[in-house]
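As the structure is a computational prediction, the values presented were derived from the model and not from experiment. When a ligand or atom number is given, it counts from 1 through the structure's own listing order.
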Amino acid sequence: MSKNTVNKVTKKIVCGNWKMNPLSLKEAEKLLIEISKSFSLIKKTEIIICPPFIYLEPLRRLLKAKSYKLKPNLGAQDSFWGDKGAYTGEISVEMLYNIGARYVILGHSERRALGENNNDINKKIKASISAGLRPILCVGESIRDENHEYLNFIKMQIEECLNGISKDSISKVIIAYEPIWAIGKGSYPATPEEFREMNIFIRKILNDKFGAKMIGKIRIIYGGSADEKNTEGFIKDGEADGFLLGRASLDAKKFSKIVEICETLDK
Ligand code: PEP
């Protein structure tokens, strides 16, 4: 495959999904401070931290009180599609926006494993865009089969999750390709070439759905055992627009190194 076949937006995204970590606010504050301190020279990379819901507000206050040159954006790891009322245990997109979140991860495979489907995710994406949040839509197959059925699976995920999203709104959506087989401890990452093929495939789906003008504005990032050692490969050979990081986002040194590499390689 020739180079430069993938349309690119220049500013990279590095998003940390802290999942259900750390166990105390004190540790969460410590981690955010460690991460944020190292960003003084970062200009071209967008940094997003997605802590557990209950830490969003205190972490926003903490960032406000500090005079860091660059403060990371805060995002949530999920949201609900209903606007308010009788939805026990849920958190609305407006609530998230009002406490300072500007991004929301939607359709993560760990939420899908708990029963969330493309239709639920579609409703959440629409709600989050209306509230001013930028959704990070996760897609990814659990296995790769010889007949390439996984490509149809990804196509269906994208088409169903983005059903009814307008051309004007689509540039707000960030797509995270996260093959499930690559996520978590004991897994191995996709290769930059595998990501690159998927990147082109996803852009083709978006092109057919939203038109050529829009696809250059949509960022497609990689997630699944990404770390400081494979960052360069995913950017140079995979043409990734950034990363969704699980474990590496809980290690301030690794996270900062990944941001630094993204910044250096950005044009
Ligand atoms: C994830 O769960 O989104 C993820 C990318 O995890 P990890 O980086 O730990 O594989």
Side-chain angles (χ1 to χ4, degrees), residues 12-23 27-28 31 35 45-53 55-56 72-79 101 103-116 118 120-121 124-125 128 134-144 150 153-154 157-158 161 173-192 194-196 198-199 202 219-235 238 240-262:
K12 301 268 178 298
I13 286 181
V14 181
C15 176
N17 174 10
W18 286 3
K19 306 191 181 186
M20 206 166 70
N21 300 292
L23 292 182
E27 290 169 277
L31 179 57
I35 286 173
T45 310
E46 217 167 311
I47 299 149
I48 308 162
I49 300 292
C50 300
F53 284 132
Y55 300 150
L56 276 167
N73 294 286
L74 292 175
Q77 298 172 16
D78 188 26
S79 68
Y103 293 81
V104 57
I105 298 171
L106 292 174
H108 191 280
S109 57
E110 286 155 16
R111 305 250 18 119
R112 291 178 188 262
L114 293 173
E116 187 168 270
N118 291 337
D120 301 322
I121 297 160
K124 292 179 178 191
I125 290 176
S128 60
R134 298 195 60 181
I136 300 170
L137 166 63
C138 301
V139 296
E141 76 284 358
S142 53
I143 48 161
R144 288 202 164 195
Y150 66 92
F153 181 78
I154 298 293
Q157 281 190 325
I158 292 175
C161 291
V173 180
I174 296 152
I175 297 192
Y177 171 63
E178 296 207 303
I180 298 171
W181 46 265
I183 295 176
K185 208 172 167 195
S187 304
Y188 54 93
T191 63
E194 282 168 334
F195 174 74
R196 184 174 159 73
M198 193 55 86
N199 194 352
I202 292 173
R219 279 178 285 190
I220 302 180
I221 63 177
Y222 173 76
S225 300
D227 60 22
E228 74 289 3
K229 294 185 205 96
N230 53 37
T231 305
E232 185 170 339
F234 278 111
I235 292 179
D241 292 320
F243 297 91
L244 179 52
L245 305 168
R247 285 159 294 159
S249 70
L250 295 169
D251 182 320
K253 272 195 188 145
K254 285 187 183 188
F255 189 82
S256 306
K257 184 73 195 160
I258 292 167
V259 172
E260 199 188 300
I261 298 169
C262 287

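Regarding atom 1 (C) of ligand 1, its nearest protein heavy-atom neighbour is H108 NE2, 3.3 Å. Closest to atom 5 (C) of ligand 1 among all protein heavy atoms lies E178 OE2, 3.1 Å. Considering only non-hydrogen protein atoms, atom 2 (O) of ligand 1 sits nearest to K19 NZ, 2.4 Å. The closest protein non-hydrogen atom to atom 9 (O) of ligand 1 is R247 NE, 2.7 Å.
The minimum heavy-atom distance between N21 and Y55, with the atom names listed, is O-CE1, 4.3 Å. Scanning both residues, I49 and F255, for their nearest heavy atoms gives CD1-CZ, 3.8 Å. Contact record, R112 with C161: NH2-SG, 3.8 Å, taken as the closest heavy-atom pair.
Where the criterion is an N or O separation shorter than 3.5 Å, residue side chain and backbone included, S225 meets it with respect to ligand 1. Inclusion of G246 in the set of residues having an N or O under 3.5 Å from an N or O of ligand 1 is warranted. Residue-to-ligand polar distances keep L244 apart from ligand 1: every N/O pair is separated by 3.5 Å or more.
In the displayed structure, K19 atom NZ is contacted under 6.0 Å by more than 12 heavy atoms of other residues, nucleotides or ligands.
Using a 4.0 angstrom heavy-atom cutoff, K185 does not count as in contact with ligand 1. Contact analysis puts G224 in contact with ligand 1, with a non-hydrogen atom separation below 4.0 angstrom.
Classification of the Y222-F195 ring pair by plane angle, with boundaries at 30° and 60°, yields perpendicular.
Note: I105 CD1 to I174 CD1 = 10.0 Å, rounded to the nearest 0.5 Å.
Taking the side-chain hydrogen bond (donor to acceptor under 3.5 Å, both in side chains) definition, one finds that W18 meets it with nothing, sequence neighbours left out.
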